[in-house]
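For reference, the structure discussed in these notes is given below.
The basis for the numbers below is simple: all heavy atoms, side chains too, and nothing from hydrogens, waters or symmetry mates. Since the structure is predicted, the reported quantities are computational estimates derived from the model, not experimental observations.
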Amino acid sequence: MSRASVAPRLRAGGHSLTLTTQILLGSLSLLLLTVVLGGFLFTLISNQTLERQYQLRALGIATTTAQMPEIRSALAAEDPKHIIDGLAREITGTAQSAYVVVTDRNGIRFSHPDPALIGHKLEEPVAALDGQTHVGFNQGSLGKSANAKAPIFGADGSVIGQVSVGIEETQVFENQVQNIWLITGFSALVLALGVGVSLLLSRRIKRVTFNLEPAEIASLLQEREALLHGIREAVVGLDDDGRVTVINGEARRLLQIEGAALGKPVAELIPDGRLRDLLTGKIPGADQVALTEDALLVVNRMPVSSAGRSIGSVVTLRDRTEIESLVRDLHSVRGLMEAMRALEHEYANRLHIVGGLLEMGDVEQAKSYVSQVSAMSTSLGEGLRARIAPPELAALLLAKITVAAEQDVQIEVSPESRLDHPQVDQPELLTVVGNLLDNAVDALANTPRPRTVTVEFDDADGVFVAVRDNGPGVPADKIDQVVVDGYSTKDPRPGMRRGIGLALVARIVHRAGGTLDVFPGPGGNFEVWLPANPHHRTRTGGAGIDQNIGG
């Protein structure tokens with residue numbers, strides 16, 4: 001479904017914000033909150049630091065002033081020459097402080113920016129009488145200021161006075177305003193960068209999501225899941241590294257995958273063989289056949305690319321077990337019909353012969369001819385039943401002999417063959433014999449006469465079956481390939497797939513714990529041994545796959 005068809009339907013019910021707007025608003029809200037809180041905390045910390053710096057600056061001035069010999073000696077003598085106020089004014093100008101006030105231990109001022117207060121007592125107690133320095137913000141006669149007090153020690157080490165230095169709050173506030181403007185400018189820059197990054201991020205996301213809005217993506221995802229798991233065809237999506245990205249329930253069933261599969265490579269989920277090679281693309285081609293333990297699968301693998309770049313592949317699998325079995329059953333029925341049609345002509349000729357003899361009055365000769373034909377018709381079936389006890393197998397051999405005769409191929413059961421009551425699964429035995437005979441008859445097509453197929457049975461230890469023909473046989477370098485599903489050197493038959501019969505025989509033999517030996521030509525030679533199974537089943541394999549489906 002295209003974006004054009006999805007968008008109007010999703011937006012018809014309301015005016016939801018676009019993805020770009022949501023990202024921008026979300027980023028701005030987060031950035032704004034972060035910047036405001038950060039700016040507030042930075043301003044608070046900066047102001048505290050700045051106030052502390054001014055207090056320490058005032059303390060440094062006060063300590064230095066209190067240690068000046070001129071100040072100490074003048075204060076000890078009660079400043080008869082009035083030099084303390086001059087020194088204090090000089091220090092105030094040099095240090096750029098608001099005031100430098102020197103008092104004795106009784107709080108009498110010896111210096112002050114306001115000359116009228118010199119000689120007057122402080123309104124508050126003298127804090128430095130404990131011999132320690134003190135800092136803080138005080139509300140003095142000149143207003144609020146960053147203040148520091150330092151004791152003045154006499155010659156005997158006693159406190160004889162204090163120095164109080166103040167820096168007006170206006171100087172501190174001016175520096176705080178500068179810091180606030182700096183923080184504000186930095187915050188604005190961060191917000192601008194945040195807006196730009198948010199816009200770039202939203203454009204990138206929109207490009208990656210093919211300009212789809214979140215609601216559209218959610219709708220497409222729901223539709224994809226419904227479609228993926230609603231179809232009966234198995235679908236597996238793989239990335240370029242062969243890891244599973246998508247898999248539906250039908251694929252899990254056909255591939256017999258349980259548990260987590262997404263993100264795992266095919267090599268961990270599928271055993272080594274033709275099916276894995278088809279999934280990974282090692283074996284190319286459309287409508288390739290893969291035979292599993294329970295099903296006949298038709299596999300198609302389609303590479304997927306986006307903007308000219310490969311992004312993986314999609315593999316579809318179809319279960320053709322029942323259909324293929326029906327097609328091959330129909331083929332067998334057609335073969336029997338052709339055989340019956342040929343027999344009809346043969347028996348019509350024999351009836352004409354009998355009728356002619358009777359018309360000529362040669363009754364004895366007609367009786368002799370009828371007896372001869374009757375003996376020929378029953379001898380083959382009776383001979384098979386005498387050596388081959390299972391009636392299904394004897395019937396299968398009789399049918400194969402009749403059909404092969406119409407193709408000018410003679411099937412013979414070796415005189416030493418004997419099969420009484422084999423303790424093996426009858427359907428498996430029928431599948432093995434039928435497919436080996438079909439392959440042998442097909443191999444003799446277009447070969448010089450005589451065309452002969454020999455079948456040998458032995459049930460001394462399990463069941464031994466050997467099928468040999470006088471055709472070209474299997475080349476020595478192809479022995480390992482002829483039992484692989486999908487491999488065939490024959491031309492395809494209409495409506496039927498080649499390369500399955502011997503692969504099915506190999507599956508059955510392997511599952512039963514037997515052996516399959518293929519010998520190189522000239523002459524086809526296949527030998528199968530199936531071990532005795534006292535608890536043999538009446539049916540094996542998947543739905544109809546253990547049938548006589550030919551090569």
Quiz prompt | I108 versus K121, closest heavy-atom pair with distance | solution = CD1-CB, 3.9 Å
Self-check item: Minimum heavy-atom distance between V102 and I84, given as atom pair plus value
Solution: CB-CG2, 3.7 Å
Practice problem: Go through the side-chain N and O atoms of D240 and S310 and say whether any donor and acceptor fall under 3.5 Å apart. | Solution: yes
Quiz item: Among side-chain atoms of R301 and S313, is any donor-acceptor pair under 3.5 angstrom?
Solution: yes
Quiz item: Measuring from T63:OG1 to M68:CE, what's the distance to the nearest 0.5 Å?
Solution: 13.0 Å
Quiz prompt | Rounded distance (nearest 0.5 Å) linking atom CZ of R89 with atom CG of D85 | solution = 4.5 Å
Under a 3.5 Å distance rule, please check whether [X] uses its side chain to pair with a backbone N or O of [Y] as donor and acceptor.
{"X": "S111", "Y": "V100", "value": "yes"}
{"X": "D241", "Y": "R243", "value": "no"}
{"X": "H134", "Y": "A127", "value": "yes"}
{"X": "S164", "Y": "V101", "value": "no"}
{"X": "N300", "Y": "T316", "value": "no"}
{"X": "D425", "Y": "E428", "value": "no"}
{"X": "T64", "Y": "G60", "value": "yes"}
{"X": "D104", "Y": "G107", "value": "yes"}
{"X": "R105", "Y": "V159", "value": "yes"}
{"X": "S73", "Y": "E70", "value": "yes"}

